[in-house]
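See structure below.
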There are 2 protein chains.
Amino acid sequence: MARDLETALLRSFVTVVREGSISRAATALGHTQPALSQQVRKLESAVGRPLLHRSPSGVTLTRAGEELLPYAQRILSLSAQALTEAGRALTGRCGVGLLEDLAASQLPQALADLARLHPGARLEVLSCSNAAMREAYDEGRVQLVLDEVPDLPGPPRWTVRRPLAWAIGQGVDVAADPLPVVLFSGACSWRTSVLESLESADRRWRVAFESNSLVGVLAAVRAGLGVAALLPTNLEPAMTCHDTDALPSLPDVELGLARHPRSEGDPLIDAVETALRRMN
Amino acid sequence: MARDLETALLRSFVTVVREGSISRAATALGHTQPALSQQVRKLESAVGRPLLHRSPSGVTLTRAGEELLPYAQRILSLSAQALTEAGRALTGRCGVGLLEDLAASQLPQALADLARLHPGARLEVLSCSNAAMREAYDEGRVQLVLDEVPDLPGPPRWTVRRPLAWAIGQGVDVAADPLPVVLFSGACSWRTSVLESLESADRRWRVAFESNSLVGVLAAVRAGLGVAALLPTNLEPAMTCHDTDALPSLPDVELGLARHPRSEGDPLIDAVETALRRMN
DNA sequence: CCTGGCCATAACTATTCATTATGTCAGCTC
DNA sequence: GAGCTGACATAATGAATAGTTATGGCCAGG
């Protein structure tokens, strides 16, 4: 049993998890499928437990895999930080606006790591409605906003596509004819695209619950009120969607980052921006 | 430039730093000197800056090396945690008593990492006089004590030797005939062994300053009041001892861990114990 | 001036890793 | 239900990698 976990293997692992399949992760990393298969196997033998359930339609995490994932993400994030900002004692203040779905993921963790290693830097994370976000951006209270591209308060400096997944509550019948759907009430811009994908699959639906917060949506799904379309990071294990479901496939969302022009050249904000970008 | 820092290289790096020499690190890791030389070089090329000043008497950290070190230590600590406690959702409470010199090192950082990954666990770190420590141990407020072996409140479960180093303030003449020495005032049990090593080298000395806290000792040394014997982790860069100094070589200290018998079998305390042990 | 400790370099070797090629399995289509 | 498709596993080959031995330079101490 190896003494340390190799970062290369951890990188492969998180990529496999993110892509949901060994083959896709292989192409994403510029390698072949057997190479990734081998790496995952090696990581499993280092940990001593299987990390993935293999199936002919892809892979899902085992219990051990779920346990390892947050460690792997933090190790990679620290390693990337060490490579870029290594200790340059950043100071100043940086406000970050996040889509609420992202504020619940491991992203704030990475920002906290960054703040801890730069005691002179002050990071503030904000998550609110699009209107309030734009105001904060215009007033210079947040310099960086990571959100859906159409909702950004400025032109995107870069973008990234993320898949959506169905979150299915306990006891919900996914075949129910008017499908009970749990929605964000605000101007969530993937709301329409989700409903469109239902209609183009000829599924009738009804709004079972609306909430303007992620915790509200999650609670509703957990309580079995219906299904919701969420980023895979925010799914609780019990809500995992079984790929072969009767639900239509969901569109990707396109996230982007806007940066306030006046913050150009600030080293702290550079560092935070690359930290956000690294989160894929 | 590699995307991630390989843990194997980081392991080599921290070992080299700890041992103060590439050759010694090589034997410590069970490899040869050229292999370690190569690894350090590879890490340097990954970071893009030299990490070590090489000299015929060993190596010292460059600025970049000092910046990388804490990242490397945290990454290795997380990796080791992932291998052992991976996510087993530990809960409960654990009190840890630390020698003050250790409470200032990267050790509390590792404990904080552990606490953060186990939100249900409550860790309390205590650093106080030997008498108060024994009382806390007897009353069950601390289950683990890491201290010098003679001062432990119970039998050591394991021990580890650490070197001492001279901390030399700016402008202090190390050849001064009554050597000005800064000491811990309490019952610091390496106090006597340090003074013995001076006497056996026929050096006369005088107490220039006494303090019962590490910060006090450090401040005194920083102010140029004299020299002190400390763990290398606690030396500030400006105090680095130039090995070839006129000061006698210092004995090692022997640290050990005592664990309260009633805590036997508690998984959280097991985890904290191995975390402490990993810190070498 | 020689010796010993330490690091760098070079040449060689062994291992490791990724690739190509092939096999197996499950689900889907017709 | 036969055949197709997509996904992962396995095996064998070849290239890149990392470790070892051997050697040289440098500085300090005797």
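By convention in this document, chain letters (A, B, ...) are assigned in the order of the sequence lines, proteins followed by strands, and residues within each chain are numbered from 1.
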B/E19 CD to C/dG5 P, in whole Å, measures 17 Å
If you look only at pairs with a residue in residues 68-81 of chain A, which of them pass as a salt bridge (Lys or Arg N to Asp or Glu O under 4.0 Å), with sequence neighbours excluded? A/R74-A/D113, A/R74-B/D113
Test of understanding: with side chain to side chain contact (heavy atoms under 4.5 Å, CB included), list the residues that count as partners of A/S37, not counting sequence neighbours. A/I22, A/Q33
Tell me, please, which residues at least two apart from B/A110 pass side chain to side chain contact (heavy atoms under 4.5 Å, CB included). B/S77, B/M279
Whole angstrom is fine here: how far is it from NE2 in A/H53 over to C1' in D/dA9? 18 Å
For A/K42, which residues count as a salt bridge (charged side-chain N to carboxylate O under 4.0 Å, His left out) partner, sequence neighbours excluded? A/E6
List for me each residue that meets salt bridge (charged side-chain N to carboxylate O under 4.0 Å, His left out) alongside A/E19, sequence neighbours excluded, and say none if there are none. none
In whole Å, I'd like the distance from the CG atom of B/L36 to the P atom of C/dC7. 10 Å
Atom CD of A/E6 and atom P of D/dA18 are separated, to the nearest Å, by 10 Å
Do the non-hydrogen side-chain atoms of A/L102 and A/L255 ever get within less than 4.5 Å of each other? yes
B/K42 has an atom NZ; how far is it from atom P of C/dA8, in whole Å? 17 Å
Kindly give the atom pairs (protein nitrogen or oxygen, nucleotide nitrogen or oxygen) under 3.5 Å for nucleotides 4-8 of chain D.
| unit_1 | atom_1 | unit_2 | atom_2 | d |
| --- | --- | --- | --- | --- |
| D/dA7 | O4' | A/P56 | O | 2.9 |
| D/dC8 | OP1 | A/I22 | N | 2.9 |
| D/dC8 | OP2 | A/S23 | N | 3.0 |
| D/dC8 | OP2 | A/S23 | OG | 2.4 |

Closest to the A/P34 side chain: C/dT19, D/dG19, D/dA22? C/dT19
Using whole Å, report how far CG of B/L51 lies from C1' of C/dC7. 16 Å
Starting at atom CD of A/Q38, determine the distance to atom P of C/dT20, rounded to an integer number of angstrom. 13 Å
CZ of B/R11 versus P of D/dA18: gap in Å, rounded? 18 Å
